[in-house]
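Take a look at the structure set out below.
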Amino acid sequence: MENWLLFTATEAALSLSPGPAVMMVVACGIARGWRMSLFVTLGILTGNALFFLISATGIGSVILASPKLFMAIKYLGAAYLVYLGLSAIFGKPSPITLSSMDGTSQSGQRIFTGALMLQMTNPKAMLGFVAILPQFIDPQKPIALQMIVLAACSMIPEFFILLGYGMLANKASHWATQPKYSVITERIAGSFVLIAGVLVAIV
């Protein structure tokens, strides 16, 4: 129980910190409302569920055991984050910019898919699940049950945290979507994601 509580607290702290997932939720909450931002949240959590599956099946260990494969995933993810950040800074449509969320042409399915891709190309998330998660597993007890419990401890708090970000962003939509503020909002979001991409590449 102590391990589960510690894991829950760790995951909650990571979910609260600004990152690509939070930026996409905020962008969608501002432009489309908190209900549409739920599709972002579900995409992020689906990515997390896949990371749990990767960890449980041992595929993650294979990836970490192959330096070339891991580095390829790492730099691919970093390049994608840098692309998203620069797109937002220069006002080009991307999954984290308001312009990409504007209008009714983008369905919930497309928003969900974009969020899933965003999470799955984040090597920091994969490394966290593969390298940190095993520390909270007791090999002497049923692994499957522990993985289910840890998945719940991770995904339930993150759902409500991302939901909260989406609702707060929705409240700010009346000024953030104005032309003179939306540019600033996108550049701030882009800067966060760009820094995250650079850190992924060099750390």
Side chain to side chain contact (heavy atoms under 4.5 Å, CB included) involving Phe90 - partner list, sequence neighbours excluded
Leu86

Could you measure the distance from the CD1 atom of Ile89 to the CG atom of Leu194? Nearest 0.5 Å is fine.
5.0 Å

Find out if a path of hydrophobic residues (ILVMFWY) with successive side-chain heavy-atom gaps under 4.5 Å connects Met117 to Val25.
yes

Measure across Ala21 and Ile44 and return the closest heavy-atom pair with its distance rounded to 0.1 Å.
CB-CD1, 3.7 Å

Is there a side chain to side chain contact (heavy atoms under 4.5 Å, CB included) between Phe39 and Arg110 once you walk through the steps?
CA-CA 9 Å; Phe39 288 101; Arg110 287 187 62 188; over 6 Å; no

Determine whether a donor-acceptor pair (N or O, by modelled atom type, separation under 3.5 Å) exists between the side chain of Tyr165 and the backbone of Gly29.
no

Rounded distance (nearest 0.5 Å) linking atom CG of Leu42 with atom CD1 of Ile111:
11.0 Å

Show every donor-acceptor pair shorter than 3.5 Å between a side-chain atom in residues 143-164 and any protein atom, with sequence neighbours excluded, or say none if there are none.
unit_1, atom_1, unit_2, atom_2, d
Gln146, OE1, Asp138, N, 2.8
Gln146, NE2, Asp138, O, 2.7
Gln146, NE2, Lys141, O, 3.1
Gln146, NE2, Pro142, O, 3.2
Ser154, OG, Glu11, OE1, 2.8
Glu158, OE1, Asn48, ND2, 2.8

Would you please name every residue forming a ring pair (Phe, Tyr, Trp, His ring centres under 6.0 Å) with Phe112, sequence neighbours left out?
none

Name all pairs fulfilling the side-chain hydrogen bond (donor to acceptor under 3.5 Å, both in side chains) condition that reach into residues 33-46, sequence neighbours left out, sorted by first residue then second.
none

Please check if Phe52 and Trp4 belong to a single hydrophobic cluster, counting links between Ile, Leu, Val, Met, Phe, Trp and Tyr side chain heavy atoms closer than 4.5 Å.
yes

